[in-house]
Visitor: 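Starting off with a structure, shown below.
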Protein chains: 2
Amino acid sequence: MAAGPLVLDTFLPYRLSIASNLVSGAIARIYQSLFGLSIPEWRIVTVVAETDAITQQEIGQRTRMDKVTVSRAAIALERRGLIERRAHPGDGRSQLLHLSATGRTLYESVAPKAKELEERLFGDFTAAELDTLTSMLRRAEAAALRLEGEAR
Amino acid sequence: MAAGPLVLDTFLPYRLSIASNLVSGAIARIYQSLFGLSIPEWRIVTVVAETDAITQQEIGQRTRMDKVTVSRAAIALERRGLIERRAHPGDGRSQLLHLSATGRTLYESVAPKAKELEERLFGDFTAAELDTLTSMLRRAEAAALRLEGEAR
DNA sequence: TCCAGATAGTTGCGTTTGATACGATGTGCG
DNA sequence: CGCACATCGTATCAAACGCAACTATCTGGA
């Protein structure tokens, strides 16, 4: 671990926040202008596409989005006809989300664009570097969760 | 670069956002409860401590915070007596921020706590890993900035 | 069976955020 | 020197966010 005095510019949580905000900001602007999707909406479309049918609660767990955020984005997506919500057989409180035909079509143009953006952002990383980065991020996530856990 | 279909869970911008939100969230809560400082306030205190006297505009550039965010946090810090604002000699529009005695005292307890948190979050990373992570984050920042640049 | 407590999703509301407009000051060109 | 334009910081307003309260439904134990 870095010894010595605090220097904001090299303080890792700070660097992480700066990098994440820049990357998220760039992507958010592009998705908004190309597809009219916010980040929560985009995440939901992707998760629903990957699972075929999923509850809002599960989406929240997977993506760490607040259930309120999921609820609002799901309502917006339904209004736009991109997803459909059916009663959950066996649990009347819940509903299963899945893509409409329109939603699936949209997803099929969104997904390649996502890969392209990833390529543009991380294209000069080697495969090994990408693995390293991913695993470091997961380690940091786990540590942050531990820290939160202690607090309560 | 990762080939194959989009899988949200391994999509790097997504992982970056999740990690950053968890880390920032944990730190924000701790700083709020220990020192009553928001993240923007904390950043300003740190930058001012490092530079001794700096304009709000420069703070914004360094930390990538909006000038509105900086303005509000600076006003709050001045009200609490942690920083002082003096006329900028040679530019009447601007002002130089510096720490008050109280602010310096606070900073001297904030800084070690920051190092401690960094240690708790990234303590199991080797020095080499930390360097790698930092430089990868900087590369991603640069790529995101290029992407933004193209958009306009 | 019935009721207390837990859970899914929505709504309300206060806070935070950032784009835009503004007032004040500074700068450069004619 | 004067006027158009840029820049610093603040104010304003609308949108995003997340906690807490709420409704409806489910679950387990007496």
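Throughout, a chain's letter reflects where its sequence line sits, starting with A, and its residues are numbered from 1.
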Visitor: Which nucleotide wins on minimum distance to the side chain of B:Asp66, given the candidates D:dC19, C:dA19, C:dG26?
Guide: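 Taking heavy atoms from C-beta onward, the closest nucleotide is C:dA19.
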Visitor: Whole Å only: how far is the CD atom of B:Gln61 from the C1' atom of D:dT7?
Guide: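 So the two atoms are 12 Å apart, to the nearest Å.
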Visitor: Please evaluate residues B:Glu129 and A:Arg139 with respect to the criterion salt bridge (charged side-chain N to carboxylate O under 4.0 Å, His left out), reporting the C-alpha separation (whole Å), side-chain torsions for both, the decisive distance (0.1 Å), and the verdict.
Guide: CA-CA 12 Å; B:Glu129 283 177 328; A:Arg139 279 204 270 165; 2.7 Å; yes
Visitor: Is the distance from OP1 or OP2 of C:dG18 to the nearest side-chain N or O of B:Thr69 less than 4.0 Å?
Guide: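 So the side chain of B:Thr69 is within the cut-off, an N or O lying under 4.0 Å from OP1 or OP2 of C:dG18.
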Visitor: Once you apply a heavy-atom cut-off of 4.0 Å, does B:Ser38 come out as touching a base, just sugar-phosphate, or nothing?
Guide: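 The residue B:Ser38 makes no contact with any strand.
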Visitor: Would you mind reading off the distance between B:Gln32 atom CD and D:dC19 atom P, rounded to a whole angstrom?
Guide: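 Taking atom P of D:dC19 as the reference, CD of B:Gln32 is at 13 Å.
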Visitor: Return the minimal non-hydrogen interatomic distance between A:Val23 and B:Pro13, and the atom names on each side.
Guide: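 Looking at all heavy atoms of both residues, the closest pair is CG1-CB, 3.8 Å.
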Visitor: So, does A:Arg85 get its side chain near the phosphate of C:dT10, meaning an N or O under 4.0 Å from OP1 or OP2?
Guide: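 Yes, A:Arg85 has a side-chain N/O under 4.0 Å of OP1/OP2 on C:dT10.
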Visitor: To the side chain of B:Arg93, which of C:dA24, C:dA6, C:dG9 is closest?
Guide: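 Among C:dA24, C:dA6, C:dG9, the one nearest the side chain of B:Arg93 is C:dA24.
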Visitor: With respect to the phosphate group of D:dT7, does any side-chain polar atom (N or O) of B:Ser94 fall under 4.0 Å of OP1 or OP2?
Guide: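 Checking B:Ser94 against D:dT7: no side-chain N or O falls below 4.0 Å of OP1 or OP2.
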Visitor: To the nearest angstrom, how far is A:Arg79 atom CZ from C:dT10 atom P?
Guide: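 Distance check: A:Arg79 CZ to C:dT10 P gives 11 Å.
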Visitor: Determine the interplanar angle of the B:Phe35 and B:Tyr31 rings, folded into 0 to 90°, and report it as parallel if under 30°, tilted if 30 to 60°, perpendicular if over 60°.
Guide: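 Tilted, since the angle between the ring planes falls between 30° and 60°.
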Visitor: Which listed nucleotide (D:dT25, D:dG9, C:dT10) is nearest to the side chain of B:Gln57?
Guide: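 Shortest atom-to-atom distance from the side chain points to D:dG9.
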Visitor: May I ask you to evaluate whether A:Thr55 reaches the phosphate of C:dA8, defined as a side-chain N or O under 4.0 Å from OP1 or OP2?
Guide: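 Indeed not, no polar side-chain atom of A:Thr55 lies that close.
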Visitor: If you find the nucleotide of DNA chain C closest to A:Gln95 and the one closest to A:Arg72, which residue's nucleotide is nearer the 5' end?
Guide: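 The answer here is A:Gln95.
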Visitor: Round to the nearest Å and state the distance from B:Lys67 atom NZ to C:dT17 atom C1'.
Guide: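 Rounding to the nearest Å, NZ of B:Lys67 and C1' of C:dT17 are 15 Å apart.
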Visitor: Once you round it to whole Å, what is the distance between P of D:dC17 and CD of A:Glu41?
Guide: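 Distance, rounded to whole Å: 10 Å.
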Visitor: Which one, C:dT20, D:dT7, C:dG9, comes nearest to the side chain of A:Ser71?
Guide: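 Taking heavy atoms from C-beta onward, the closest nucleotide is C:dG9.
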Visitor: Using a cut-off of strictly less than 4.0 Å, decide whether B:Gln56 has a side-chain nitrogen or oxygen near OP1 or OP2 of D:dC8.
Guide: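 Answer no for this pair, as no side-chain N or O of B:Gln56 is under 4.0 Å from OP1 or OP2.
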Visitor: So does B:Glu141 pair up with B:Arg64, basic N to acidic O under 4.0 Å?
Guide: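 Not counted as a salt bridge, because no side-chain N and carboxylate O are separated by less than 4.0 Å.
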Visitor: Starting at CZ of B:Arg64 and ending at P of C:dT17, how long is that distance when rounded to a whole Å?
Guide: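 My rounded result for the distance is 18 Å.
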Visitor: From NE2 of B:His88 over to P of D:dT7, roughly how many Å is that when rounded to an integer?
Guide: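 To the nearest whole Å, that distance equals 16 Å.
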Visitor: Whole angstroms only, please: what is the CD1-C1' distance between A:Ile75 and D:dA16?
Guide: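 Nearest whole value for this atom pair: 15 Å.
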Visitor: Do A:Arg43 and B:Tyr14 meet the cation-pi criteria used here (NZ or CZ under 6.0 Å from the six-membered ring centre, within 45° of the axis)?
Guide: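 So A:Arg43 doesn't make the cation-pi contact.
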Visitor: Let me know, please, whether B:Asp91 or B:Val68 comes out on the 5' side of the other along DNA chain D by nearest nucleotide.
Guide: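 Of the two residues, B:Asp91 wins.
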